[in-house]
Amino acid sequence: MNVMPFKTIIEFNAVGYQSGEHEILKELNLFMSEPRIGIVGSNGSGKSTFLRLINGLLVPTTGEVWVDGLETRRCAKQVRDRISFVFQNPDNQIVLPTVEEDLAFGLSRSDLSAEIIAKRVDDVLERLDLAHKRHEPCHVLSGGQKQLLAIAGALVRRPATIIFDEPTTLLDLRNARRIADVIYSLEQNVITVTHDLTLLEGFDRVMVMNDGEVVADDTPKAALSYYRRLMS
Amino acid sequence: MTASFYIHKESWLHRLAAGRKLFCLAVLGTGISFVSDLWLLAGALSLCVCLFPAAQLRLVVAYNQVRPLFWIMAALFVAKLFTGPLSDAFVVILRLCILVLAAGLITVTTKTSALLTVLERVLTPLSVFGFSAPRMAFALSLVIRFIPVVGQISQEVREAQQARGLGTNIFALIIPFVLRIVKMAEQVSQAIDARGGLPDAKPSPAVMRRSQAVRRSVSAPMGAETDQPH
Ligand SMILES: Nc1ncnc2c1ncn2[C@@H]1O[C@H](COP(=O)(O)OP(=O)(O)OP(=O)(O)O)[C@@H](O)[C@H]1O
Ligand SMILES: [Mg+2]
(Lines give C-alpha, C1' and ligand atoms only; values in the text may rest on other atoms or scores of the structure.)
(Ligands and ions follow the chains in the order given, each with its own letter.)
Protein backbone atom coordinates (compact mmCIF):
# COMPACT_ATOMS: atom_id res chain seq x y z
CA MET A 1 0.00 0.00 0.00
CA ASN A 2 1.89 3.03 -1.21
CA VAL A 3 0.90 6.62 -0.71
CA MET A 4 -1.69 7.19 -3.38
CA PRO A 5 -1.44 10.13 -5.73
CA PHE A 6 -4.15 12.35 -4.33
CA LYS A 7 -6.46 12.30 -7.25
CA THR A 8 -9.23 9.86 -7.91
CA ILE A 9 -11.50 9.69 -10.88
CA ILE A 10 -14.83 8.05 -10.29
CA GLU A 11 -17.22 7.19 -13.06
CA PHE A 12 -20.79 5.90 -12.88
CA ASN A 13 -21.94 4.33 -16.13
CA ALA A 14 -25.69 3.82 -16.20
CA VAL A 15 -25.62 2.65 -12.58
CA GLY A 16 -28.82 1.32 -11.10
CA TYR A 17 -29.35 -0.34 -7.74
CA GLN A 18 -32.35 -2.42 -6.87
CA SER A 19 -33.25 -4.31 -3.74
CA GLY A 20 -35.97 -6.78 -4.59
CA GLU A 21 -38.68 -4.83 -6.40
CA HIS A 22 -37.56 -1.57 -4.86
CA GLU A 23 -35.51 0.65 -7.16
CA ILE A 24 -33.16 2.50 -4.82
CA LEU A 25 -30.99 4.23 -7.44
CA LYS A 26 -32.03 4.97 -11.03
CA GLU A 27 -29.61 5.08 -13.99
CA LEU A 28 -26.89 7.34 -12.74
CA ASN A 29 -24.28 8.68 -15.15
CA LEU A 30 -21.64 10.68 -13.34
CA PHE A 31 -18.05 11.71 -13.49
CA MET A 32 -16.41 12.82 -10.24
CA SER A 33 -12.89 14.14 -9.81
CA GLU A 34 -13.27 17.32 -7.72
CA PRO A 35 -11.34 17.44 -4.43
CA ARG A 36 -14.44 18.02 -2.29
CA ILE A 37 -17.86 16.75 -3.24
CA GLY A 38 -20.92 17.03 -1.04
CA ILE A 39 -24.19 15.12 -1.26
CA VAL A 40 -27.46 16.16 0.32
CA GLY A 41 -30.94 14.71 0.12
CA SER A 42 -33.94 13.63 2.15
CA ASN A 43 -33.95 10.50 4.31
CA GLY A 44 -34.19 7.38 2.20
CA SER A 45 -33.23 9.15 -1.02
CA GLY A 46 -30.36 6.70 -1.59
CA LYS A 47 -27.32 8.66 -0.38
CA SER A 48 -25.77 5.90 1.72
CA THR A 49 -26.38 3.39 -1.05
CA PHE A 50 -24.66 5.75 -3.48
CA LEU A 51 -21.58 6.02 -1.23
CA ARG A 52 -21.36 2.25 -0.77
CA LEU A 53 -21.39 1.78 -4.52
CA ILE A 54 -18.34 4.01 -4.87
CA ASN A 55 -15.97 1.78 -2.91
CA GLY A 56 -17.53 -1.52 -3.83
CA LEU A 57 -19.23 -2.30 -0.52
CA LEU A 58 -22.27 -2.68 -2.77
CA VAL A 59 -22.10 -3.51 -6.43
CA PRO A 60 -24.63 -2.06 -8.87
CA THR A 61 -27.43 -4.29 -10.14
CA THR A 62 -27.08 -2.61 -13.54
CA GLY A 63 -24.24 -0.60 -15.05
CA GLU A 64 -20.71 -0.17 -13.76
CA VAL A 65 -18.74 1.93 -11.31
CA TRP A 66 -15.12 2.70 -12.26
CA VAL A 67 -12.50 4.10 -9.91
CA ASP A 68 -9.26 5.12 -11.60
CA GLY A 69 -9.84 2.55 -14.28
CA LEU A 70 -10.74 -0.21 -11.81
CA GLU A 71 -14.21 -1.69 -11.96
CA THR A 72 -15.61 -2.07 -8.44
CA ARG A 73 -17.17 -5.46 -9.08
CA ARG A 74 -13.89 -7.05 -10.14
CA CYS A 75 -11.35 -5.00 -8.18
CA ALA A 76 -13.08 -4.27 -4.87
CA LYS A 77 -9.90 -4.78 -2.86
CA GLN A 78 -7.80 -2.34 -4.91
CA VAL A 79 -10.62 0.17 -4.95
CA ARG A 80 -10.87 0.04 -1.16
CA ASP A 81 -7.14 0.59 -0.85
CA ARG A 82 -7.69 3.84 -2.75
CA ILE A 83 -10.92 4.89 -1.08
CA SER A 84 -11.56 4.75 2.67
CA PHE A 85 -14.97 4.97 4.26
CA VAL A 86 -16.04 6.70 7.47
CA PHE A 87 -19.47 5.54 8.61
CA GLN A 88 -22.05 7.54 10.46
CA ASN A 89 -21.73 5.62 13.71
CA PRO A 90 -18.10 5.24 14.76
CA ASP A 91 -19.00 2.50 17.22
CA ASN A 92 -19.64 0.17 14.31
CA GLN A 93 -16.29 0.63 12.67
CA ILE A 94 -13.97 0.49 15.65
CA VAL A 95 -13.19 -3.20 15.77
CA LEU A 96 -10.37 -3.72 18.25
CA PRO A 97 -10.34 -3.04 21.99
CA THR A 98 -7.83 -0.20 22.33
CA VAL A 99 -7.16 2.91 20.23
CA GLU A 100 -3.71 1.91 19.07
CA GLU A 101 -4.67 -1.66 18.23
CA ASP A 102 -7.69 -0.49 16.28
CA LEU A 103 -5.61 1.84 14.13
CA ALA A 104 -3.08 -0.88 13.39
CA PHE A 105 -5.93 -3.17 12.28
CA GLY A 106 -6.38 -1.24 9.03
CA LEU A 107 -2.78 -2.03 8.10
CA SER A 108 -2.56 -5.56 9.42
CA ARG A 109 -3.31 -7.14 6.04
CA SER A 110 -0.73 -5.06 4.22
CA ASP A 111 2.86 -6.16 3.74
CA LEU A 112 4.15 -3.31 5.86
CA SER A 113 6.64 -4.11 8.60
CA ALA A 114 5.67 -3.70 12.23
CA GLU A 115 7.92 -0.63 12.48
CA ILE A 116 6.29 1.12 9.54
CA ILE A 117 2.84 0.31 10.89
CA ALA A 118 3.82 1.73 14.30
CA LYS A 119 5.17 4.87 12.66
CA ARG A 120 2.01 5.44 10.65
CA VAL A 121 -0.15 4.90 13.72
CA ASP A 122 1.96 7.41 15.64
CA ASP A 123 1.67 9.98 12.86
CA VAL A 124 -2.07 9.77 12.63
CA LEU A 125 -2.57 9.79 16.43
CA GLU A 126 -0.43 12.90 16.60
CA ARG A 127 -2.25 14.56 13.76
CA LEU A 128 -5.72 14.03 15.21
CA ASP A 129 -4.70 14.84 18.81
CA LEU A 130 -5.38 11.35 20.04
CA ALA A 131 -1.85 10.51 21.16
CA HIS A 132 -2.76 10.72 24.84
CA LYS A 133 -5.56 8.20 24.27
CA ARG A 134 -3.52 5.59 22.47
CA HIS A 135 -3.71 2.94 25.21
CA GLU A 136 -7.30 3.67 26.22
CA PRO A 137 -10.13 1.22 25.59
CA CYS A 138 -12.08 2.58 22.61
CA HIS A 139 -15.45 2.49 24.32
CA VAL A 140 -14.48 5.03 26.98
CA LEU A 141 -13.83 7.70 24.33
CA SER A 142 -16.36 10.48 23.89
CA GLY A 143 -18.51 10.58 20.75
CA GLY A 144 -16.26 13.20 19.18
CA GLN A 145 -13.12 11.24 19.98
CA LYS A 146 -14.66 8.07 18.57
CA GLN A 147 -15.40 9.86 15.32
CA LEU A 148 -11.82 11.17 15.25
CA LEU A 149 -10.60 7.62 15.80
CA ALA A 150 -12.80 6.42 12.93
CA ILE A 151 -11.27 9.10 10.70
CA ALA A 152 -7.80 8.15 11.94
CA GLY A 153 -8.59 4.56 10.97
CA ALA A 154 -9.36 5.75 7.46
CA LEU A 155 -6.33 8.06 7.23
CA VAL A 156 -3.83 5.50 8.44
CA ARG A 157 -4.42 3.52 5.26
CA ARG A 158 -3.26 6.54 3.23
CA PRO A 159 -6.08 6.45 0.72
CA ALA A 160 -6.47 8.87 -2.15
CA THR A 161 -10.09 9.59 -1.28
CA ILE A 162 -12.15 9.42 1.90
CA ILE A 163 -15.90 8.95 1.89
CA PHE A 164 -17.93 10.21 4.84
CA ASP A 165 -21.52 9.19 5.56
CA GLU A 166 -22.99 11.88 7.81
CA PRO A 167 -19.82 12.34 9.87
CA THR A 168 -21.25 14.97 12.19
CA THR A 169 -24.82 13.79 12.70
CA LEU A 170 -24.23 12.24 16.13
CA LEU A 171 -22.03 15.05 17.42
CA ASP A 172 -22.57 18.24 19.37
CA LEU A 173 -21.80 21.59 17.76
CA ARG A 174 -18.23 21.86 18.95
CA ASN A 175 -17.29 18.35 17.89
CA ALA A 176 -19.08 18.82 14.58
CA ARG A 177 -16.92 21.89 13.94
CA ARG A 178 -13.82 19.97 14.91
CA ILE A 179 -14.65 17.21 12.42
CA ALA A 180 -15.45 19.82 9.76
CA ASP A 181 -12.00 21.38 10.33
CA VAL A 182 -10.40 17.97 9.99
CA ILE A 183 -12.28 17.34 6.75
CA TYR A 184 -11.15 20.68 5.32
CA SER A 185 -7.55 19.98 6.35
CA LEU A 186 -7.31 16.68 4.47
CA GLU A 187 -5.08 16.46 1.44
CA GLN A 188 -7.25 13.56 0.27
CA ASN A 189 -10.24 13.98 -1.98
CA VAL A 190 -13.43 13.98 0.06
CA ILE A 191 -16.93 12.83 -0.75
CA THR A 192 -19.39 13.44 2.04
CA VAL A 193 -23.08 13.00 2.67
CA THR A 194 -24.36 15.39 5.29
CA HIS A 195 -27.39 17.23 6.60
CA ASP A 196 -25.09 19.96 7.90
CA LEU A 197 -25.36 22.39 5.01
CA THR A 198 -22.83 24.88 6.36
CA LEU A 199 -20.18 22.15 6.11
CA LEU A 200 -20.58 22.18 2.34
CA GLU A 201 -20.16 25.90 1.75
CA GLY A 202 -16.47 25.61 0.87
CA PHE A 203 -16.87 22.48 -1.25
CA ASP A 204 -16.21 22.27 -4.98
CA ARG A 205 -19.38 20.51 -5.99
CA VAL A 206 -22.67 19.55 -4.36
CA MET A 207 -25.20 17.02 -5.59
CA VAL A 208 -28.79 16.88 -4.43
CA MET A 209 -30.45 13.47 -4.35
CA ASN A 210 -34.13 12.79 -4.32
CA ASP A 211 -35.87 9.47 -4.68
CA GLY A 212 -32.84 7.66 -6.11
CA GLU A 213 -31.92 10.36 -8.60
CA VAL A 214 -29.44 13.20 -8.70
CA VAL A 215 -31.76 16.16 -9.21
CA ALA A 216 -29.18 18.92 -8.94
CA ASP A 217 -25.43 18.92 -9.45
CA ASP A 218 -23.80 22.31 -9.14
CA THR A 219 -21.73 24.70 -7.04
CA PRO A 220 -22.62 24.61 -3.33
CA LYS A 221 -24.48 27.91 -3.54
CA ALA A 222 -26.73 26.92 -6.43
CA ALA A 223 -27.24 23.30 -5.32
CA LEU A 224 -28.02 24.20 -1.72
CA SER A 225 -30.54 26.84 -2.64
CA TYR A 226 -32.20 24.32 -4.96
CA TYR A 227 -32.23 21.84 -2.07
CA ARG A 228 -33.77 24.36 0.34
CA ARG A 229 -36.56 25.03 -2.16
CA LEU A 230 -37.09 21.31 -2.71
CA MET A 231 -37.46 20.69 1.02
CA SER A 232 -39.81 23.61 1.73
CA MET B 1 -18.85 -4.06 33.60
CA THR B 2 -15.07 -4.15 33.32
CA ALA B 3 -13.92 -1.46 30.93
CA SER B 4 -11.38 -3.25 28.84
CA PHE B 5 -9.11 -5.74 30.43
CA TYR B 6 -5.81 -4.04 29.79
CA ILE B 7 -4.60 -1.28 32.13
CA HIS B 8 -1.73 0.70 30.73
CA LYS B 9 1.31 1.22 33.01
CA GLU B 10 5.04 1.29 32.42
CA SER B 11 6.20 -1.68 34.46
CA TRP B 12 8.53 -4.59 33.79
CA LEU B 13 5.50 -6.89 33.93
CA HIS B 14 3.84 -4.89 31.18
CA ARG B 15 6.97 -5.10 29.10
CA LEU B 16 7.50 -8.83 29.60
CA ALA B 17 6.62 -10.71 26.40
CA ALA B 18 3.08 -12.11 26.34
CA GLY B 19 4.34 -15.57 25.42
CA ARG B 20 6.57 -15.72 28.49
CA LYS B 21 3.79 -14.62 30.77
CA LEU B 22 1.44 -17.27 29.42
CA PHE B 23 4.19 -19.86 29.71
CA CYS B 24 4.70 -18.93 33.38
CA LEU B 25 0.97 -19.18 33.93
CA ALA B 26 0.95 -22.68 32.46
CA VAL B 27 3.89 -23.72 34.64
CA LEU B 28 2.30 -22.19 37.72
CA GLY B 29 -1.03 -23.87 37.00
CA THR B 30 0.56 -27.26 36.60
CA GLY B 31 2.87 -26.70 39.54
CA ILE B 32 0.28 -25.80 42.13
CA SER B 33 -1.87 -28.78 41.26
CA PHE B 34 0.91 -30.92 42.78
CA VAL B 35 1.27 -28.79 45.89
CA SER B 36 -1.06 -29.25 48.81
CA ASP B 37 1.06 -27.68 51.51
CA LEU B 38 -0.98 -24.81 52.92
CA TRP B 39 2.03 -22.66 53.75
CA LEU B 40 3.51 -23.06 50.30
CA LEU B 41 0.22 -22.18 48.65
CA ALA B 42 -0.24 -19.20 50.95
CA GLY B 43 3.24 -18.06 49.95
CA ALA B 44 2.40 -18.38 46.25
CA LEU B 45 -0.79 -16.43 46.83
CA SER B 46 1.04 -13.59 48.57
CA LEU B 47 3.53 -13.51 45.74
CA CYS B 48 0.69 -13.15 43.22
CA VAL B 49 -0.83 -10.35 45.27
CA CYS B 50 2.52 -8.57 45.55
CA LEU B 51 2.99 -8.69 41.80
CA PHE B 52 0.09 -6.27 41.37
CA PRO B 53 1.83 -3.35 43.11
CA ALA B 54 5.01 -4.46 41.36
CA ALA B 55 3.16 -3.82 38.10
CA GLN B 56 2.17 -0.37 39.41
CA LEU B 57 -1.39 -1.52 39.91
CA ARG B 58 -3.45 -0.80 42.98
CA LEU B 59 -4.43 -3.73 45.19
CA VAL B 60 -8.08 -3.13 44.42
CA VAL B 61 -7.32 -4.39 40.89
CA ALA B 62 -6.25 -7.71 42.44
CA TYR B 63 -9.38 -7.73 44.57
CA ASN B 64 -11.51 -7.09 41.47
CA GLN B 65 -10.14 -10.24 39.86
CA VAL B 66 -11.38 -12.54 42.63
CA ARG B 67 -14.50 -10.66 43.68
CA PRO B 68 -16.79 -12.07 40.93
CA LEU B 69 -15.85 -15.59 42.07
CA PHE B 70 -16.63 -15.00 45.71
CA TRP B 71 -19.91 -16.93 45.87
CA ILE B 72 -18.61 -19.77 43.74
CA MET B 73 -15.64 -20.12 46.06
CA ALA B 74 -17.86 -20.02 49.11
CA ALA B 75 -20.01 -22.80 47.64
CA LEU B 76 -16.95 -24.81 46.71
CA PHE B 77 -15.55 -24.38 50.20
CA VAL B 78 -18.72 -25.61 51.85
CA ALA B 79 -18.98 -28.56 49.44
CA LYS B 80 -15.40 -29.52 50.18
CA LEU B 81 -16.06 -29.40 53.92
CA PHE B 82 -18.58 -32.21 53.49
CA THR B 83 -16.22 -34.45 51.54
CA GLY B 84 -12.96 -34.02 53.40
CA PRO B 85 -10.93 -32.27 56.05
CA LEU B 86 -10.85 -28.52 56.52
CA SER B 87 -7.33 -28.24 55.12
CA ASP B 88 -8.45 -29.73 51.77
CA ALA B 89 -11.11 -27.07 51.47
CA PHE B 90 -8.50 -24.38 52.03
CA VAL B 91 -6.15 -25.95 49.49
CA VAL B 92 -8.82 -25.83 46.77
CA ILE B 93 -9.69 -22.20 47.49
CA LEU B 94 -6.04 -21.16 47.62
CA ARG B 95 -5.27 -22.86 44.31
CA LEU B 96 -8.25 -21.20 42.68
CA CYS B 97 -7.30 -17.77 44.01
CA ILE B 98 -3.72 -18.17 42.82
CA LEU B 99 -4.82 -19.11 39.32
CA VAL B 100 -7.40 -16.38 39.06
CA LEU B 101 -4.97 -13.75 40.32
CA ALA B 102 -2.17 -14.88 38.03
CA ALA B 103 -4.44 -15.02 35.00
CA GLY B 104 -5.93 -11.65 35.96
CA LEU B 105 -2.47 -10.17 36.31
CA ILE B 106 -1.67 -11.25 32.77
CA THR B 107 -4.85 -9.84 31.30
CA VAL B 108 -4.41 -6.44 32.93
CA THR B 109 -0.74 -6.14 31.99
CA THR B 110 -0.93 -7.47 28.43
CA LYS B 111 -2.61 -5.95 25.40
CA THR B 112 -5.30 -8.03 23.79
CA SER B 113 -3.44 -7.92 20.51
CA ALA B 114 -0.29 -9.33 22.14
CA LEU B 115 -2.24 -12.16 23.75
CA LEU B 116 -3.94 -12.90 20.47
CA THR B 117 -0.65 -13.00 18.60
CA VAL B 118 0.50 -15.73 20.99
CA LEU B 119 -2.79 -17.54 20.58
CA GLU B 120 -2.41 -17.27 16.83
CA ARG B 121 1.04 -18.79 17.00
CA VAL B 122 -0.18 -21.64 19.19
CA LEU B 123 -3.14 -22.33 16.89
CA THR B 124 -1.21 -22.07 13.63
CA PRO B 125 -0.43 -25.83 13.44
CA LEU B 126 -4.19 -26.38 13.20
CA SER B 127 -4.15 -24.76 9.77
CA VAL B 128 -3.44 -28.20 8.30
CA PHE B 129 -7.09 -28.96 9.14
CA GLY B 130 -8.19 -25.84 7.28
CA PHE B 131 -8.59 -23.91 10.52
CA SER B 132 -7.62 -20.22 10.29
CA ALA B 133 -5.78 -19.11 13.41
CA PRO B 134 -5.73 -15.39 12.50
CA ARG B 135 -9.49 -15.40 12.01
CA MET B 136 -10.08 -17.21 15.26
CA ALA B 137 -7.90 -14.69 17.08
CA PHE B 138 -9.66 -11.81 15.33
CA ALA B 139 -13.08 -13.17 16.27
CA LEU B 140 -12.03 -13.24 19.91
CA SER B 141 -10.79 -9.67 19.82
CA LEU B 142 -14.06 -8.58 18.22
CA VAL B 143 -15.90 -10.17 21.12
CA ILE B 144 -13.76 -8.28 23.60
CA ARG B 145 -14.28 -5.01 21.76
CA PHE B 146 -18.05 -5.39 21.45
CA ILE B 147 -18.94 -6.63 24.93
CA PRO B 148 -19.27 -3.06 26.24
CA VAL B 149 -21.06 -1.90 23.07
CA VAL B 150 -23.65 -4.65 23.37
CA GLY B 151 -24.05 -3.81 27.05
CA GLN B 152 -24.71 -0.20 26.14
CA ILE B 153 -27.27 -1.15 23.49
CA SER B 154 -29.15 -3.32 25.93
CA GLN B 155 -29.23 -0.46 28.42
CA GLU B 156 -30.47 1.99 25.79
CA VAL B 157 -33.23 -0.39 24.74
CA ARG B 158 -34.23 -0.90 28.36
CA GLU B 159 -34.37 2.81 29.03
CA ALA B 160 -36.33 3.52 25.86
CA GLN B 161 -38.91 0.87 26.71
CA GLN B 162 -39.14 1.99 30.32
CA ALA B 163 -39.87 5.49 29.07
CA ARG B 164 -42.77 4.02 27.10
CA GLY B 165 -43.93 2.04 30.11
CA LEU B 166 -42.96 -1.28 28.56
CA GLY B 167 -39.97 -1.89 30.81
CA THR B 168 -41.23 -5.26 32.02
CA ASN B 169 -42.47 -6.62 28.69
CA ILE B 170 -39.85 -9.12 27.63
CA PHE B 171 -40.76 -8.91 23.90
CA ALA B 172 -40.61 -5.14 23.94
CA LEU B 173 -37.06 -5.53 25.19
CA ILE B 174 -35.79 -8.44 23.11
CA ILE B 175 -37.13 -7.48 19.68
CA PRO B 176 -35.58 -4.00 19.42
CA PHE B 177 -32.41 -5.34 21.02
CA VAL B 178 -32.03 -8.11 18.43
CA LEU B 179 -32.87 -5.74 15.58
CA ARG B 180 -30.21 -3.31 16.69
CA ILE B 181 -27.61 -6.02 17.11
CA VAL B 182 -28.34 -7.41 13.64
CA LYS B 183 -28.08 -3.96 12.10
CA MET B 184 -24.87 -3.31 13.96
CA ALA B 185 -23.40 -6.63 12.86
CA GLU B 186 -24.17 -5.76 9.24
CA GLN B 187 -22.46 -2.39 9.56
CA VAL B 188 -19.47 -3.82 11.39
CA SER B 189 -18.96 -6.38 8.67
CA GLN B 190 -19.07 -3.62 6.04
CA ALA B 191 -16.61 -1.59 8.07
CA ILE B 192 -14.23 -4.55 8.25
CA ASP B 193 -14.42 -4.87 4.47
CA ALA B 194 -13.86 -1.15 4.04
CA ARG B 195 -10.82 -1.29 6.30
CA GLY B 196 -9.07 -3.99 4.32
CA GLY B 197 -11.09 -7.10 5.05
CA LEU B 198 -10.75 -10.05 7.39
CA PRO B 199 -7.36 -11.32 8.40
CA ASP B 200 -6.80 -14.14 5.95
CA ALA B 201 -5.85 -17.72 6.45
CA LYS B 202 -2.16 -16.99 6.20
CA PRO B 203 -0.36 -16.24 9.48
CA SER B 204 -0.01 -12.63 10.62
CA PRO B 205 3.07 -10.62 9.54
CA ALA B 206 4.70 -11.15 12.95
CA VAL B 207 4.38 -14.92 12.68
CA MET B 208 5.51 -14.82 9.06
CA ARG B 209 8.64 -12.88 9.95
CA ARG B 210 9.46 -15.29 12.72
CA SER B 211 9.14 -18.30 10.45
CA GLN B 212 11.09 -16.49 7.72
CA ALA B 213 13.85 -15.82 10.22
CA VAL B 214 13.88 -19.48 11.15
CA ARG B 215 13.99 -20.50 7.51
CA ARG B 216 16.75 -18.03 6.79
CA SER B 217 18.84 -19.33 9.65
CA VAL B 218 18.61 -22.90 8.36
CA SER B 219 18.96 -22.24 4.62
CA ALA B 220 21.53 -20.10 2.82
CA PRO B 221 21.11 -16.31 3.07
CA MET B 222 18.54 -15.12 0.55
CA GLY B 223 19.86 -11.66 -0.25
CA ALA B 224 18.52 -8.28 0.73
CA GLU B 225 15.86 -7.89 3.37
CA THR B 226 12.57 -6.97 1.75
CA ASP B 227 10.49 -5.11 4.22
CA GLN B 228 9.21 -2.27 2.09
CA PRO B 229 5.63 -1.55 1.11
CA HIS B 230 4.78 -3.17 -2.20
N1 LIG C 1 -30.32 -3.52 2.50
C2 LIG C 1 -31.44 -2.93 2.05
N3 LIG C 1 -32.48 -3.68 1.65
C4 LIG C 1 -33.61 -3.10 1.21
N5 LIG C 1 -33.79 -1.78 1.15
C6 LIG C 1 -32.81 -0.99 1.56
C7 LIG C 1 -31.57 -1.52 2.03
N8 LIG C 1 -30.78 -0.48 2.35
C9 LIG C 1 -31.48 0.62 2.10
N10 LIG C 1 -32.70 0.33 1.61
C11 LIG C 1 -33.72 1.29 1.18
O12 LIG C 1 -33.14 2.08 0.19
C13 LIG C 1 -33.56 3.42 0.30
C14 LIG C 1 -32.34 4.32 0.33
O15 LIG C 1 -31.58 4.01 1.48
P16 LIG C 1 -30.28 4.82 1.88
O17 LIG C 1 -29.81 4.29 3.18
O18 LIG C 1 -29.33 4.80 0.74
O19 LIG C 1 -30.86 6.28 2.04
P20 LIG C 1 -30.20 7.57 2.66
O21 LIG C 1 -30.40 8.65 1.68
O22 LIG C 1 -28.81 7.28 3.10
O23 LIG C 1 -31.10 7.85 3.92
P24 LIG C 1 -30.73 8.51 5.33
O25 LIG C 1 -30.69 10.00 5.12
O26 LIG C 1 -31.87 8.13 6.19
O27 LIG C 1 -29.43 7.94 5.78
C28 LIG C 1 -34.43 3.48 1.52
O29 LIG C 1 -35.76 3.50 1.09
C30 LIG C 1 -34.12 2.23 2.29
O31 LIG C 1 -35.25 1.79 2.96
MG1 LIG D 1 -27.79 7.22 4.98
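Protein chains get the first letters and strands the later ones, always in sequence-line order, with residue 1 at the start of each.
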Can you give me the closest heavy-atom contact between [X] and [Y], atom names plus distance?
{"X": "A/V95", "Y": "B/F146", "answer": "CA-CE1, 4.3 Å"}
{"X": "A/F105", "Y": "B/G197", "answer": "CZ-O, 3.9 Å"}
{"X": "B/A191", "Y": "A/F87", "answer": "CA-CE1, 3.6 Å"}

Taking atom [atom1] of [X] as the centre, does the number of heavy atoms from other residues, nucleotides or ligands within less than 6.0 Å exceed 12?
{"X": "B/Y63", "atom1": "OH", "value": "no"}
{"X": "B/Q162", "atom1": "CD", "value": "yes"}
{"X": "A/R73", "atom1": "CZ", "value": "yes"}

Is there a donor-acceptor pair under 3.5 Å between the side chain of A/R109 and the backbone N or O of B/R195?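 Between the backbone of B/R195 and the side chain of A/R109 there is a qualifying donor-acceptor contact (under 3.5 Å).
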
Backbone N or O of A/N92 within a donor-acceptor pair of the B/Q187 side chain at under 3.5 Å? no

Can you tell me which portion of B/V188 sits under 4.5 Å from chain A's heavy atoms? Options are side chain, backbone, both or neither. both

Going by residue number, which parts of residues 41-51 of chain A are within reach of chain B, meaning a heavy-atom gap below 4.5 Å? none

The test is side chain to side chain contact (heavy atoms under 4.5 Å, CB included); show your working for B/H8 and A/E136 and say whether it passes. CA-CA 8 Å; B/H8 184 68; A/E136 300 276 317; over 6 Å; no

Per side chain to side chain donor-acceptor pair (under 3.5 Å), B/R145 is matched among A/T98, A/D91, A/D102 by A/D91

